[in-house]
Peer 1: 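Handing you this structure, nothing more for now.
Below, read A as the first sequence line, B as the second, and so on, with proteins coming before strands; counting in each chain starts at 1.
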Number of protein chains: 2
Amino acid sequence: MNLKQLSLELGLSQTTVSRALNGFPEVSEATRNRVQLAADRHQYRPSTRAKGLATGKALAIGHVIPVSTKHETMNPIFGDFIAGAGETYSRNGYEMILSIVDDQNENDVYRGLKARHSVDGVVVHGPRMDDPRIALLNEIGLPFVVHGRASGVTAPYSWVDVNNRRAFNRAADFLIDLGHRRIGLINGLEVMDFAHRRRNGYMDTLTANGIAADPTLMRSGEMTEEFGYTSTRDMLALPDRPTALMTSSMILAMGTRRAIEEAGLTIGRDVSVITYDDELSYLRNGGDVPIFTATRSSVRDAGRRLAEMLLADIANPFSQPQTELLEAELMVGQSTGPAPHL
Amino acid sequence: MNLKQLSLELGLSQTTVSRALNGFPEVSEATRNRVQLAADRHQYRPSTRAKGLATGKALAIGHVIPVSTKHETMNPIFGDFIAGAGETYSRNGYEMILSIVDDQNENDVYRGLKARHSVDGVVVHGPRMDDPRIALLNEIGLPFVVHGRASGVTAPYSWVDVNNRRAFNRAADFLIDLGHRRIGLINGLEVMDFAHRRRNGYMDTLTANGIAADPTLMRSGEMTEEFGYTSTRDMLALPDRPTALMTSSMILAMGTRRAIEEAGLTIGRDVSVITYDDELSYLRNGGDVPIFTATRSSVRDAGRRLAEMLLADIANPFSQPQTELLEAELMVGQSTGPAPHL
DNA sequence: AAACAAGTTCAAAGCGCTTTGGAAGCGAAT
DNA sequence: ATTCGCTTCCAAAGCGCTTTGAACTTGTTT
């Protein structure tokens with residue numbers, strides 16, 4: 001069923017039917033009802049393609065997911081993030097277009113989305129330091145919001161981010177207050193902006209408390225369970241081993257726990273662990289008392305917020321870049337305790 | 001830059017330019033080159049919308065992801081699955097459209113995708129027993145492939161699935177050969193077809209070996225770390241506790257490991273664990289020697305295969321339903337050993 | 001030189017919608 | 001009766017492509 005057939009059946013012009021359905025004022029309530037009824041009866045839905053052609057809007061948002069060719073690692077937060085964003089989109093009649101792309105050809109993908117008029121805007125995932133995508137998107141004039149920030153980029157742009165630095169400040173502070181002085185950090189790849197900020201937060205707090213940062217206690221890599229495990233195992237084998245560890249994700253923390261237990265140590269007593277927690281739906285951090293002490297912020301909420309911001313940006317093309325800094329909360333769980341006397 | 005402008009610049013008709021770019025034979029190599037060069041120079045990409053309108057194809061595949069309203073749980077395999085499928089799509093010039101939808105309104109989403117001509121086909125995620133979506137899609141005539149199968153549905157349909165039954169047969173056999181008789185199962189929700197098949201595989205093998213299935217050793221629920229933990233903890237507290245556990249995912253297995261260690265037991269000695277492993281990129285099962293003994297099959301590969309099948313289906317509308325049954329391999333790791341004498 | 005075939009190119013219609021610029025109908029005001 | 005102002009409706013153009021059917025060049029046969 002298309003507009004033509006529908007208007008023929010109603011004995012009205014396509015114009016009137018279209019206007020009736022789109023809520024224009026110059027159509028009488030009587031005919032609007034008649035049209036609406038017929039449309040419902042036939043389950044009429046305007047073709048997105050045709051509508052897009054006619055209006056110049058795509059009613060779609062692109063998500064470009066970089067997958068590193070080397071590691072083939074899919075960021076585990078991704079599912080929950082788009083679950084959040086997806087809610088906002090469908091509530092507003094938008095579709096979500098996903099492009100999985102190896103980090104070599106990213107630019108072409110953005111250019112392609114723009115040139116083919118496939119989307120009205122994009123969200124940038126996994127920003128890196130000095131990320132060139134921001135300049136690119138500004139240049140080609142495709143509205144976008146970044147999930148995170150890109151240190152080193154001076155041009156203004158819209159973003160939604162967690163206060164990673166503050167989160168790691170607080171986590172480090174919490175451990176120091178418990179008497180820990182040897183505190184390790186197991187972080188994501190430091191080209192990633194969030195990892196950079198987290199390390200800064202960690203280091204600043206150590207320094208502010210008169211603790212010299214020790215390179216042997218700082219690791220960064222792909223945030224897999226195994227990387228959490230090997231990093232922890234290696235650090236625990238050091239002559240002057242850490243009494244506390246900070247990890248950048250629950251997945252890393254799982255690996256950390258494995259290594260600690262394998263070493264015959266007890267988490268929260270021999271070694272304290274505090275992790276960053278994205279509140280992934282399948283990795284809930286325990287029930288009443290969290291398993292891990294954690295700084296946490298829901299990535300799903302971030303997705304929701306970011307999508308709203310992007311849609312607002314698109315609706316009002318002359319708006320200034322918007323930003324939103326979410327604060328992570330510190331949840332005290334069972335994985336931390338006073339520093340042991342070694 | 002659009003077709004009209006391009007053809008004007010070249011002094012050719014839109015027809016010729018279009019044909020040159022789409023590789024039609026009735027255009028001379030000389031002009032084809034000239035056209036191609038100009039197109040490259042301007043980074044010309046035909047508008048998907050316009051192309052779609054003209055051809056009647058959308059050049060897009062829909063993925064409808066059900067998110068249960070109750071649990072808000074996003075299936076963690078989802079990211080890796082679409083990473084696989086996405087590769088295939090982009091290689092073939094297709095786009096991927098994602099719909100996150102709570103399981104109430106699923107039907108409307110499929111109908112909408114069809115009516116709005118947004119996609120040429122869809123992939124059905126997370127099939128349940130007697131899943132009504134298959135009948136619906138057949139009725140509205142939207143090509144689809146199911147990731148998994150739906151027991152109870154008699155109509156033919158295309159699917160890609162892992163031999164879940166066999167995988168759990170083999171896992172159970174392996175444990176029984178090691179002398180285990182008290183074997184627990186921690187499974188996904190049993191409305192999900194895969195969980196149903198896995199339980200059947202498990203039970204058949206127990207029965208075939210003269211072991212009576214014990215309901216207290218079988219749990220099913222959302223496959224979160226916490227569910228793995230609580231299930232394991234409860235089973236270990238039984239007077240006649242299991243000496244081995246089978247879990248339906250690595251995430252569950254992590255919870256299982258936590259409970260085992262918390263009980264002061266050693267995995268692989270006091271309690272053997274064998275898990276199903278989807279080879280998620282951020283949850284690799286160890287290095288040379290896997291951490292967990294596992295039956296494994298890459299969900300990313302499944303995504304790739306399924307996407308190929310769907311595109312082939314769409315290219316040839318009169319094809320018969322295709323099916324592909326993948327076999328999981330059994331990897332022996334450190335989490336299993338001979339049954340202890342309790 | 002005419003006729004034909006093969007090889008190239010083109011004008012125009014059509015895909016399903018929105019939107020512009022009227023036009024028709026009708027009662028009130030001039 | 002004419003004009004005006006409202007309300008309600010419509011014909012047709014246009015969005016950027018593909019595709020049909022025809023036309024125009026060549027070169028080859030008769």
Side-chain angles (χ1 to χ4, degrees), chain A residues 1-36 38-39 42-60 93-95 112-120 315, chain B residues 1-36 38-39 42-60 93-95 112-120 315:
Chain A
M1 174 63 58
N2 59 24
L3 228 212
K4 192 171 180 178
Q5 294 165 16
L6 189 60
S7 56
L8 234 54
E9 173 175 319
L10 284 162
L12 289 169
S13 73
Q14 299 192 33
T15 311
T16 305
V17 176
S18 170
R19 298 202 143 148
L21 258 21
N22 288 313
F24 280 63
E26 60 267 67
V27 54
S28 72
E29 276 312 305
T31 58
R32 188 193 304 286
N33 284 335
R34 202 160 64 88
V35 170
Q36 192 60 259
H42 290 98
Q43 305 219 47
Y44 168 75
R45 297 260 175 293
S47 148
T48 348
R49 290 199 296 263
K51 188 165 189 158
L53 236 205
T55 58
K57 327 235 115 272
L59 288 181
Y94 274 73
E95 276 167 353
L113 286 174
K114 168 76 179 182
R116 295 194 321 257
H117 302 279
S118 301
V119 299
D120 297 322
Chain B
M1 175 63 56
N2 60 23
L3 226 214
K4 192 171 181 180
Q5 294 165 17
L6 189 61
S7 57
L8 234 55
E9 173 175 317
L10 283 162
L12 288 169
S13 73
Q14 300 191 33
T15 310
T16 306
V17 176
S18 170
R19 297 203 144 148
L21 259 20
N22 289 314
F24 280 61
E26 60 266 66
V27 54
S28 72
E29 275 313 305
T31 57
R32 188 194 303 285
N33 283 335
R34 202 159 66 88
V35 170
Q36 192 59 260
H42 290 98
Q43 304 219 49
Y44 168 75
R45 297 263 175 292
S47 148
T48 348
R49 290 199 295 262
K51 189 167 188 157
L53 236 205
T55 58
K57 328 233 115 274
L59 288 180
Y94 274 72
E95 276 166 353
L113 286 174
K114 168 77 178 181
R116 295 195 320 259
H117 303 278
S118 302
V119 299
D120 298 322

Peer 1: Spell out, as yes or no, whether a donor-acceptor pair under 3.5 Å connects the side chain of R32(B) to the backbone of F24(B).
Peer 2: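 Present.
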Peer 1: What's the CZ-P distance between R32(A) and dC9(D), to the nearest Å?
Peer 2: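 One finds 10 Å between P of dC9(D) and CZ of R32(A), rounded.
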Peer 1: Rounding to a whole Å, what distance do you find between L53(B):CG and dT19(D):P?
Peer 2: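 Spelled out: CG on L53(B) to P on dT19(D) is 13 Å.
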Peer 1: Who passes side-chain hydrogen bond (donor to acceptor under 3.5 Å, both in side chains) against R45(A), sequence neighbours left out?
Peer 2: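 Testing R45(A) for side-chain hydrogen bond (donor to acceptor under 3.5 Å, both in side chains), a comparison that skips the adjacent residues, returns none.
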Peer 1: Between which nucleotides of DNA chain C, read 5' to 3', does contact with chain B run, using atoms under 4.0 Å from its heavy atoms?
Peer 2: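 First and last nucleotides in contact are dT8(C) to dG16(C).
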Peer 1: Hey, does the side chain of S13(A) come within less than 4.0 Å of dA11(D)'s phosphate (OP1/OP2), counting only N and O?
Peer 2: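 The answer is no; no side-chain N or O of S13(A) sits under 4.0 Å from OP1 or OP2.
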Peer 1: Just checking T55(A): base, sugar-phosphate only, or nothing, at a heavy-atom cut-off of under 4.0 Å?
Peer 2: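 Touches sugar-phosphate only.
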Peer 1: At what distance, to the nearest 0.5 angstrom, does OG1 of T31(A) lie from CZ of R19(A)?
Peer 2: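 The CZ atom of R19(A) is 12.0 Å from OG1 of T31(A), to the nearest 0.5 Å.
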Peer 1: Please figure out whether E29(B) or N22(A) has its closest DNA chain C nucleotide nearer the 5' end.
Peer 2: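 The answer here is E29(B).
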Peer 1: Check whether any side-chain N or O of S47(B) sits under 3.5 Å from a backbone N or O of H117(A) as a donor-acceptor pair, and report yes or no.
Peer 2: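 Looks like no, no N/O pair under 3.5 Å.
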Peer 1: Measure the distance from CZ on R34(A) to P on dT8(D) and round it to the nearest whole Å.
Peer 2: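 Going from CZ in R34(A) over to P in dT8(D) covers 14 Å.
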Peer 1: I need the CG-C1' distance between N33(A) and dT8(D), as an integer number of Å.
Peer 2: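 After rounding, the gap between these two atoms is 15 Å.
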Peer 1: Do the side chain of S18(A) and the main chain of Q14(A) share a donor and acceptor less than 3.5 angstrom apart?
Peer 2: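 Looks like no, no N/O pair under 3.5 Å.
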Peer 1: Counting distance only, does the side-chain N/O of S7(A) pair as donor-acceptor with the main-chain N or O of V17(A) below 3.5 Å?
Peer 2: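 Between the backbone of V17(A) and the side chain of S7(A) there is no qualifying donor-acceptor contact (under 3.5 Å).
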Peer 1: Between the axis at one end of the helix from dA1(C)-dT30(D) to dT30(C)-dA1(D) and the axis at the other (five pairs apiece), what's the angle to 10 degrees?
Peer 2: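 Roughly 80° between the end axes, to the nearest 10°.
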Peer 1: Base, sugar-phosphate or nothing for R49(B)? Non-hydrogen atoms, less than 4.0 Å.
Peer 2: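 The residue R49(B) makes no contact with any strand.
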Peer 1: Could you check whether T15(B) gets within reach of a base, just the sugar-phosphate, or nothing at all, counting any heavy atom under 4.0 Å?
Peer 2: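 If one applies the 4.0 Å heavy-atom cut-off, T15(B) turns out to touch a base.
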Peer 1: Does the side chain of H42(A) come within less than 4.5 Å of E9(A)'s, by heavy atoms?
Peer 2: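 Answer yes - side chains close enough.
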Peer 1: For the residue pair E95(A) and S118(B), what are the closest heavy atoms and their distance?
Peer 2: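 Of all heavy-atom pairs spanning E95(A) and S118(B), the closest is OE2-OG, 2.9 Å.
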Peer 1: Decide yes or no for N22(A) and K51(A): does some side-chain heavy atom of the first lie under 4.5 Å from some side-chain heavy atom of the second?
Peer 2: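 N22(A) vs K51(A): side chains touch.
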